[in-house]
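Some notes on the structure that comes next.
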Amino acid sequence: MSENSAGNASGPLETALPKGYEPADVEARWGRHWEENKTFTPDPAEVLEGGKQPYSIVIPPPNVTGALHMGHALNLTLQDILCRFMRQQGKSVLWVPGTDHAGIATQNVVERQLKKEGKKRDDLGREAFIDRVWEWRKDYGSRILNQIRRMGASVDWTSERFTLDEGLSKAVREVFVRLFHEGLIYKGNYIVNWCNRCHTALADDEVEHAPKKGKLYRIRYKLADGGGELIVATTRPETLLGDVAVAVHPEDERYTFAVGKNVILPLVGKEIPVIADAYVDREFGTGCLKITPAHDMNDWALARTHNLPVIPVIDDKGFMNENAPAAYQGLASAACREKIVADLDEQGLLVDVADHDHSVGECYRCKSVIEPHVSEQWFVKVGPLAKAARAAVPAETQIFPPQWEKTYYEWLDNIRDWCISRQIWWGHRIPAWTCEACGELLVQTEDPTSCPKCGGALTQEHDVLDTWFSSALWPFSTLGWPDETDKLKAYYPTSVLVTGFDILFFWVARMMMMGIHFKEQVPFKHVYIHALVRDEQGKKMSKSTGNVIDPLEMIAKYGTDSLRFTLTAFAAMGRDIKLSEKRIEGYRHFVNKIWNSARFALMNLPGEPAASLDAALANAPLANRWILHRLEEVKDEVENATLEYRFNDIAQSLYKFIWNEFCDWFVEMAKGDLYGEDEKAKDATRRVLLTVLSETMVLLHPVMPFVTQEIWSVLPGITDKELALAPFPARRPQCRNEAAARGMAFFQGVVGATRTIRTELTIDPAKKLPLIIDTADGYPGAQAVLTENAHLIQQLARIETADIGPGKTGPRASGTAVVEGARIFVPLKGIVDFGAEVARLDKELGKLDKQFAALTAKLSAPGFAGHAPADIVAAEREKLAGLEDAKAKLAELQERLKSALVEG
RNA sequence: GGGCGGAUAGCUCAGCUGGAAGAGCAUCGGCCUUACAAGCCGGAGGUCACAGGUUCGAGCCCUGUUCCGCCUACCA
């Protein structure tokens with residue numbers, strides 16, 4: 001092995017393949033080769049001037065803070081299959097890689113780093129902190145990109161982008177400013193999801209809900225006129241300080257007496273009204289709802305419809321503010337809750353406390369509890385944008401699988417304005433300035449120096465934009481927009497977006513909105529939604545549960561191609577993938593099989609065969625005609641499956657062809673010619689072997705780029721050693737051959753039946769047996785197929801002599817089988833006890849009986865002959881006849897055997 | 001509460017427009033046959049969740065039920 005490895009290192013082109021496939025070496029070498037040669041860097045001119053069709057994909061940019069996980073691995077594999085396939089189809093393919101600056105996530109990483117040094121971001125100040133993040137990015141930001149490299153992704157590295165790089169920042173400003181001047185961005189005081197820890201607003205979809213055990217407190221609110229009380233249920237008693245009303249259902253007769261009156265707000269003492277609103281659920285709690293507009297989303301909405309004031313009592317860090325009674329000011333909200341409960345109890349206003357399970361919003365980044373909070377934020381008015389994005393599906397953009405359309409519509413139909421400001425430092429700072437002197441608000445792409453109105457000093461908005469704001473522009477910002485670059489002209493709109501459904505809303509819908517609005521064209525023609533990768537139990541992989549299968553570890557152990565093939569084989573549309581290491585290991589065997597079949601081929605291909613394929617086809621043996629026929633079918637299967645995103649079918653089709661057909665049958669049958677003396681036959685079979693192997697490498701290359709390229713580079717007669725740029729193999733209609741397929745099926749049946757007899761009767765494998773076949777009732781080509789391939793039957797079924805002909809018959813003491821009408825005899829004399837064979841035939845007959853009964857029932861069912869299509873009826877009748885024949889023959893053969901048994 | 005998906009061999013899953021149930025892994029038996037023991041040959045193993053319906057015919061279409069998973073809204 002060692003000398004082979006050394007040979008490998010010197011260069012792949014001259015060296016024969018080493019005995020074992022060494023993925024790490026091969027992957028590193030070809031990965032470097034592709035990048036250094038810019039193999040995957042297309043020239044826009046070939047589209048704009050050369051008339052080539054464009055095919056483009058923008059990678060879903062992983063977070064710079066991220067590490068490659070199985071979801072990425074699947075995502076990259078599928079995109080790479082599409083890109084490599086489309087190159088084979090002659091398209092000009094651009095696959096844009098890049099990373100996302102991931103505002104909150106990245107800021108948190110660096111803040112954690114600072115914490116270890118005993119510092120906080122405020123100690124550094126904004127500028128220094130941002131410098132620090134850039135520094136971090138310089139050191140660690142390429143980690144995920146290098147991991148993408150290891151997947152073999154055929155991205156154009158010269159097109160790599162970062163959502164915070166200069167060009168993209170320009171695009172972000174352009175979009176913000178234009179939306180603002182179009183009235184689609186506004187600023188206002190609204191209630192938002194607030195993370196006290198991250199100290200920022202979050203979008204609705206950045207809030208995750210988790211079940212929590214809480215308490216439900218019931219509190220008395222006395223009527224101001226002394227005419228009774230209302231009991232209100234709440235999980236957050238501390239917010240009561242900001243209550244502005246109590247609401248009941250308008251038809252709730254228990255409370256009609258109170259509507260329109262005032263109640264006294266406990267501990268505060270002020271009067272607040274009792275209002276009626278159908279929003280209130282009569283069944284829940286007491287049916288009385290306290291309204292705290294500043295600290296509850298729904299209360300906020302109710303307050304607006306009822307014109308109630310908004311009184312925040314908790315500040316943006318989670319402490320009680322000046323609106324709270326003096327006794328509570330400055331308390332953390334949790335401490336305040338305790339004090340309030342105690343005070344209420346003391347005053348006899350607390351009815352009771354009960355356990356209460358409910359789901360609580362958490363920050364998707366730091367898992368702190370989200371507190372609704374009123375503050376000044378920037379919003380995108382999404383209504384008009386969403387409408388256009390909705391209308392474009394499926395007319396201009398199709399979603400695969402289509403069931404996701406409904407989810408997409410659902411979300412867009414219920415969309416609320418998008419809060420885009422974040423109170424953090426790492427991100428695109430909002431391009432808005434306020435004049436300190438006259439209050440003038442400037443929103444523009446270029447930094448202003450002073451107020452154009454009064455010349456006063458300007459302060460830029462402190463907030464940065466939601467990370468998804470820049471991600472939403474990704475399909476065109478990466479291509480150079482707002483400049484009209486050649487790249488943009490050639491490759492926008494992109495061909496397909498490949499992603500998991502978890503970011504259908506976050507990202508896909510927003511790209512649709514922005515793409516349509518700013519480019520007047522959808523950003524992608526197809527959206528392919530792939531599965532989530534789960535663990536063996538179907539659970540989401542996560543670090544905390546420790547069920548993560550690390551793709552990099554799998555690559556190290558089994559090679560990239562094995563991992564890619566596994567993910568491809570499991571990527572059936574619309575289903576989650578339950579992955580286990582076992583499966584990856586299993587498909588490594590397949591890589592090894594391919595490798596060894598190539599080694600076999602090379603051993604038998606001293607150079608390029610002299611014969612052309614057409615010459616080789618003349619008088620070609622069955623195996624050659626058959627495998628070439630199958631190759632044509634596989635080309636169709638692979639092409640159609642890829643175009644229809646049926647990735648698992650690509651894998652399945654190739655697996656079956658390579659292993660079960662090419663290796664198990666063709667290669668075994670070809671050995672006769674390859675090892676034989678007939679030079680002409682040898683050369684012809686070599687040509688077929690080379691043709692099938694090389695074209696199979698092309699077909700398989702999109703799924704397994706490395707091993708195929710490595711093999712390709714040592715195949716004789718290949719002029720262009722760059723497999724990634726080789727065209728999809730041309731069709732050869734002259735190789736279509738149904739007769740060969742039929743003949744081969746029969747041949748396989750005969751060999752199989754013979755092998756079964758041998759093994760089932762535990763005949764010593766080394767023992768060569770005679771074989772007799774009666775072809776009298778076989779299909780018309782049977783005799784020819786068997787005589788032509790008699791030597792192969794001998795070889796494959798370990799037979800001494802094959803005596804084939806119509807009416808031939810074996811001794812009564814024979815192992816027997818019936819294949820498509822032909823009777824097979826394996827004389828058993830002195831070899832085995834006949835009892836075993838009688839029993840085996842009983843079993844076979846039992847199977848036939850079962851099938852026969854089922855088919856008879858079907859055919860004789862009332863109406864079948866009349867209603868079913870004629871061709872089906874005919875086919876079923878033929879099947880039945882075949883069964884009947886086989887049954888009769890087998891029974892007769894068994895009788896013969898039994899009589900031999902009796903005679904001893 | 002609303003929506004979506006799943007239930008097929010011991011395990012993980014295929015099964016396109018309805019026409020005699022498939023693969024991989026695991027298992028059992030036999031083979032170191034000169035590309036591959038990471039291999040070769042053969043066997044066993046399924047009332048396709050349950051109940052109805054449509055049809056000449058249902059794993060596939062329709063209705064309902066039961067479990068499982070996910071998404072989404074709400075939870076005072």
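Chain letters run A, B, ... following the sequence lines, proteins first and then strands; every chain starts at 1.
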Could you tell me if the ring centre of A:Y528 sits under 6.0 Å from that of A:F400? no

Is the centre of the A:F647 ring less than 6.0 Å from the centre of the A:F565 ring? no

Taking only the side-chain nitrogens and oxygens of [X], find out if one of them lies under 4.0 Å from OP1 or OP2 of [N].
X	N	value
A:K671	B:A35	yes
A:K582	B:C11	no
A:Y675	B:A35	yes
A:K593	B:G24	no
A:W659	B:C40	yes

Once you round it to whole Å, what is the distance between P of B:G3 and CD of A:E410? 9 Å

Starting at the 5' end of RNA chain B, which residue's closest nucleotide do you reach first, A:F662 or A:A569? A:A569

Closer to the 5' end of RNA chain B via nearest nucleotide, is it A:F852 or A:Y217? A:F852

Residues forming a ring pair (Phe, Tyr, Trp, His ring centres under 6.0 Å) with [X], sequence neighbours excluded:
X	value
A:Y21	A:W595
A:F747	none
A:F706	A:W34
A:H356	A:F284, A:H358

Dot-bracket for RNA chain B, 5' to 3', counting Watson-Crick or G-U wobble pairs under 3.5 Å, with [ ] for crossing pairs and | for inter-strand pairs? (((((((..((((.....[..)))).(((((.......))))).....(((((..]....))))))))))))....

A:E668 and A:D664, any side-chain heavy atoms less than 4.5 Å apart: no

Using the [atom1] atoms only, state how far [M] lies from [N], rounded to an integer number of Å.
N	M	atom1	value
B:A49	B:A14	P	14 Å
B:G43	B:A9	C1'	14 Å
B:A21	B:A58	C1'	13 Å
B:U33	B:G42	C1'	15 Å
B:G69	B:A51	C1'	24 Å

For A:Y587, answer base if it contacts any base atom (sugar-phosphate contacts may also be present), sugar-phosphate if it contacts only those atoms, and nothing otherwise; contact means non-hydrogen atoms under 4.0 Å. nothing

Holding to side-chain hydrogen bond (donor to acceptor under 3.5 Å, both in side chains), I want the full list of residues that pass it with A:D885, two or more places apart in sequence or in another chain. A:K889

Output the single nucleotide from [options] whose closest atom is nearest the side chain of [X].
X	options	value
A:R588	B:A20, B:C4, B:A38	B:A38
A:Q403	B:A14, B:A44, B:G5	B:G5
A:H589	B:A14, B:G39, B:C25	B:G39

Any side chain to side chain donor-acceptor pair (under 3.5 Å) involving residues 284-294 of chain A? Give me the pairs, sequence neighbours left out, ordered by first then second residue. A:T239-A:K290, A:D243-A:K290, A:D243-A:T292, A:K290-A:T292

What residues from residues 870-883 of chain A pass a heavy-atom cutoff of under 4.0 Å to RNA chain B? A:I872, A:E876, A:K879, A:L883

Give, ordered by number, those residues of residues 753-760 of chain A having at least one heavy-atom distance below 4.0 Å to an atom of RNA chain B; if nothing qualifies, reply none. A:R755, A:T756, A:T759, A:E760

Does A:K887, at its NZ atom, have more than 12 non-hydrogen atoms belonging to other residues, nucleotides or ligands within less than 6.0 Å? yes

Can you tell whether the side chains of A:K557 and A:E581 come within less than 4.0 Å, N to carboxylate O? yes

Tell me whether A:D352 is salt-bridged to A:R218, with the criterion being a basic N under 4.0 Å from an acidic carboxylate O. yes

Restricting to pairs with a member in residues 403-415 of chain A, which pass salt bridge (charged side-chain N to carboxylate O under 4.0 Å, His left out), not counting sequence neighbours? A:R390-A:D413

What salt bridge (charged side-chain N to carboxylate O under 4.0 Å, His left out) pairs are there with at least one residue in residues 558-568 of chain A, not counting sequence neighbours? A:D80-A:R564

Say whether A:D277 and A:H306, considering side chains only, have a donor N or O and an acceptor N or O under 3.5 Å apart. yes

N/O contacts under 3.5 Å, protein versus nucleotides 54-59 of chain B?
from: B:C56; atom 1: OP1; to: A:H867; atom 2: ND1; distance (Å): 2.9
from: B:C56; atom 1: O4'; to: A:G863; atom 2: O; distance (Å): 3.4

With a 3.5 Å cut-off and just heavy-atom distances, do the side chain of A:E668 and the base of B:A35 make a donor-acceptor pair? yes

